[in-house]
Amino acid sequence: MQRAFPDAAASAEAAGQPLDPQLAPASKPEFGDFQANGALPLAKPLGQPPRKIAEAVVAELQADPSFTQLCLAPQIAGPGFINLTLRPECLAAEVQARLGDQRLGVPSAAEESGSEPAPVVVDFSSPNIAKEMHVGHLRSTIIGDSLARVLEFRGHPVLRLNHVGDWGTQFGMLITHLKQVAPEALDTADAVDLGDLVAFYRQAKQRFDADEAFQTTSREEVVKLQGGDPVSLKAWGLLCDQSRREFQKIYDRLDIRLSERGESFYNPYLDGVVKGLEAAGLLVVDDGARCVFLEGVSGKDGKPLPVIVQKSDGGFNYATTDLAAIRYRFGTEGDGARRVIYVTDAGQANHFAGVFQVAQRAGWVPEGGRLEHVPFGLVQGEDGKKLKTRAGDTVRLRDLLDEAVERAEADLRRRLQEEERTEDEAFIQHVATTVGLAAVKYADLSQNRITNYQFSFDRMLALQGNTAPYLLYAVVRIAGISRKGGDLEGAGVAGAAAGGEAEALQFTEPQEWALVRELLKLDAVIAEVEEELLPNRLCSYLFELSQVFNRFYDQLPVLKAEEPSRSSRLALCRLTADTLRLGLGLLGIPTLERM
RNA sequence: GGGGCUGUAGCUCAGCCGGAUAGAGCGACGGUUUCCUAAACCGUAGGUCGUGGGUUCGAGUCCCGCCAGCCCCGCCA
């Protein structure tokens with residue numbers, strides 16, 4: 001564009017809005033691989049028809065050998081779109097390169113930037129001590145884990161932090177209540193089990209809401225705990241240990257790695273937060289509470305809304321902890337992170353917006369530091385209301401996972417019977433567990449996280465459509481080719497290693513090319529997820545890849561094809577399997593050889 | 001009252017920096033199996049993108065108003 005219209009380019013540059021070729025992936029296959037829409041906005045300033053502008057740009061492209069090496073002759077279409085199609089031999093060469101690449105063409109962050117990437121904090125899951133994990137923790141846990149996996153794969157040092165609720169008023173309630181009704185739970189390990197603890201917690205909460213004296217005692221208990229009282233601390237430690245073991249069972253089951261760093265960790269830094277805000281001139285005492293008034297956010301009466309960092313009774317609350325955490329995570333004496341990501345429900349958006357603003361104004365976010373709330377919607381039942389058990393209780397996460405696996409197992413057994421297959425018990429358990437858990441994870445991840453999510457066992461376990469079983473089946477099909485004598489490992493590699501032209505990949509059918517083009521999108525998709533933090537983009541990609549593969553598999557023979565098609569198709573099978581395994585792995589989903 | 005999110009096919013949802021005739025899955029209807037797992041594939045029908053304005057070469061996408069649903073709103077997290 002610069003060569004075709006030097007004057008326009010120069011003046012656009014001077015105006016601070018350099019010409020944009022608007023190069024994007026083609027919106028439809030018949031438009032080629034990429035489209036450049038940049039000619040259209042030039043029509044007005046240049047006073048020429050857009051197609052004529054496009055022609056001039058195309059002429060420059062055609063005169064450039066580095067372009068013609070890569071692309072076929074550009075086509076001008078519609079009002080002035082420039083459609084670009086990559087040379088088939090370039091696509092084949094790229095497939096060849098990825099066959100020999102562990103990372104399947106996805107660059108690492110260090111490679112790209114040329115420097116060591118700074119740590120990224122992903123704060124997710126975050127259940128509360130003395131409560132069981134329930135359906136409310138599902139999305140944070142699954143989405144957070146997947147984002148962490150993507151960032152790790154890209155080579156960022158990731159801190160997966162479990163910001164467990166192990167501090168605060170709720171704790172004061174529980175300890176106060178236990179002191180009165182079950183003191184043994186406070187000084188003897190495992191005196192009561194977690195189920196009882198949950199019941200005690202519920203009672204404590206009821207008393208807290210109803211009884212003012214209890215409320216006061218509870219608040220005092222929190223202050224004691226936060227002040228380091230040894231009796232309170234011991235009780236607290238026991239409760240935490242007990243909950244921690246229960247959480248770990250769920251994490252093991254879902255293959256989720258997390259470092260626990262609860263709210264209590266930041267206790268020593270809370271005072272510093274208040275002092276720091278005071279030093280920054282942001283602190284205001286209002287009604288006995290120390291707060292920072294927000295800019296641009298006003299409440300009922302039109303007055304600015306406060307973020308309270310120290311209550312009138314001297315206790316700190318969650319905003320203080322969150323601020324301390326931000327400070328610690330970005331701080332060079334702390335985690336030294338450059339990006340801090342919070343995966344919590346959308347209901348906390350206001351809270352985080354407020355806390356982030358205060359952190360910014362206090363100067364605790366370094367230059368170039370990113371502080372991001374990754375919100376997600378509610379889990380709803382098929383009736384569109386918040387998911388509950390038939391009895392109206394919150395759904396426990398372990399029950400939900402159990403049911404998914406049970407349903408997967410029943411499904412598998414029915415199919416084995418129908419197909420008159422026999423498999424041993426270990427196989428059945430392994431497949432049912434993998435499919436059941438994969439279905440739960442994939443259903444959650446495949447939806448844009450912002451919207452509420454309608455939970456349905458039937459839909460997530462369906463064997464067709466955008467579901468985990470459908471994707472897993474594509475991998476199984478490829479594994480089947482391998483079992484029946486297809487040498488996937490050797491496919492396409494030998495030719496590259498020997499540097500021999502004779503064994504170069506050769507594709508002739510449209511189904512092959514469609515698969516090639518789909519396979520080569522992986523790096524762009526990963527980059528997008530890393531930036532936008534939307535795992536559903538990866539899911540859509542893997543689903544489309546599976547569809548394109550199934551079409552290929554259905555319509556073209558692999559093992560019975562003549563050479564050189566046979567090896568070339570085997571190479572595509574191998575790269576497809578590797579891509580699906582990698583992609584599903586980034587979603588936290590393991591694959592199967594048979595199902 | 002203020003703020004946030006959402007509203008796209010019968011249902012569940014995609015839709016990337018504003019780009020060509022708005023996509024998928026399910027469900028419905030019709031078809032495909034001497035062949036690597038048919039858990040698949042091919043086809044048909046189905047849309048006022050909540051609504052009214054605006055911005056522009058071009059709007060599901062950006063801006064403003066309105067309607068509906070959900071969520072949040074000072075000492076819980």
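Order of the sequence lines sets the chain letters (A, B, ...), proteins ahead of strands, with each chain counted from 1.
- Rounded to whole angstrom, the span from the CG atom of A:Asn317 across to the P atom of B:C73 amounts to 13 Å.
- Contacts of A:Ala289 with the nucleic acid, taken as non-hydrogen atoms under 4.0 Å apart, include base atoms.
- Among the heavy atoms of the strands lying under 4.0 Å from A:Gln35 is at least one base atom, whether or not backbone atoms are also near.
- Between A:Asp411 and A:Arg415 there is a salt bridge, since at least one side-chain N of the basic residue sits less than 4.0 Å from a carboxylate O of the acidic one.
- In RNA chain B, the stems built from three or more successive Watson-Crick or G-U pairs (distances below 3.5 Å) are B:1-7 with B:67-73, B:10-13 with B:23-26, B:28-32 with B:40-44, B:50-54 with B:62-66.
- Looking at A:Asp166, its side chain has no donor and acceptor atom pair within 3.5 Å of the base of B:A77.
- For A:Phe31 and B:A20, the ring-to-base geometry satisfies the stacking test (centroid distance below 5.5 Å, interplanar angle below 30°).
- The base of B:C72 sits with one of its N or O atoms less than 3.5 Å from a complementary donor or acceptor on the side chain of A:Asn350.
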Any protein N or O atoms within reach of nucleotides 22-25 of chain B? Criterion: under 3.5 Å, listing atom names and distances.
unit_1, atom_1, unit_2, atom_2, d
B:G23, OP1, A:Lys28, NZ, 3.4
B:G25, OP1, A:Gln547, NE2, 3.4

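- Heavy-atom nearest nucleotides on RNA chain B were determined for A:Ser312 and for A:Pro79, and the one closer to the 5' end corresponds to A:Pro79.
- The side-chain contact (heavy atoms from CB on, under 4.5 Å) test with A:Phe549 singles out one residue from A:Leu580, A:Thr576, A:Leu471, A:Asp554, and that residue is A:Thr576.
- Among the heavy atoms of the strands, none lies under 4.0 Å from A:Ala353.
- Taking 90° from 0 as the syn/anti boundary, the base of B:C16 is oriented anti.
- At the heavy-atom level, A:Thr451 lies under 4.0 Å from the strands shown only through sugar-phosphate atoms.
- Looking at heavy-atom distances under 4.0 Å, A:Asp458 makes no contact with the nucleic acid at all.
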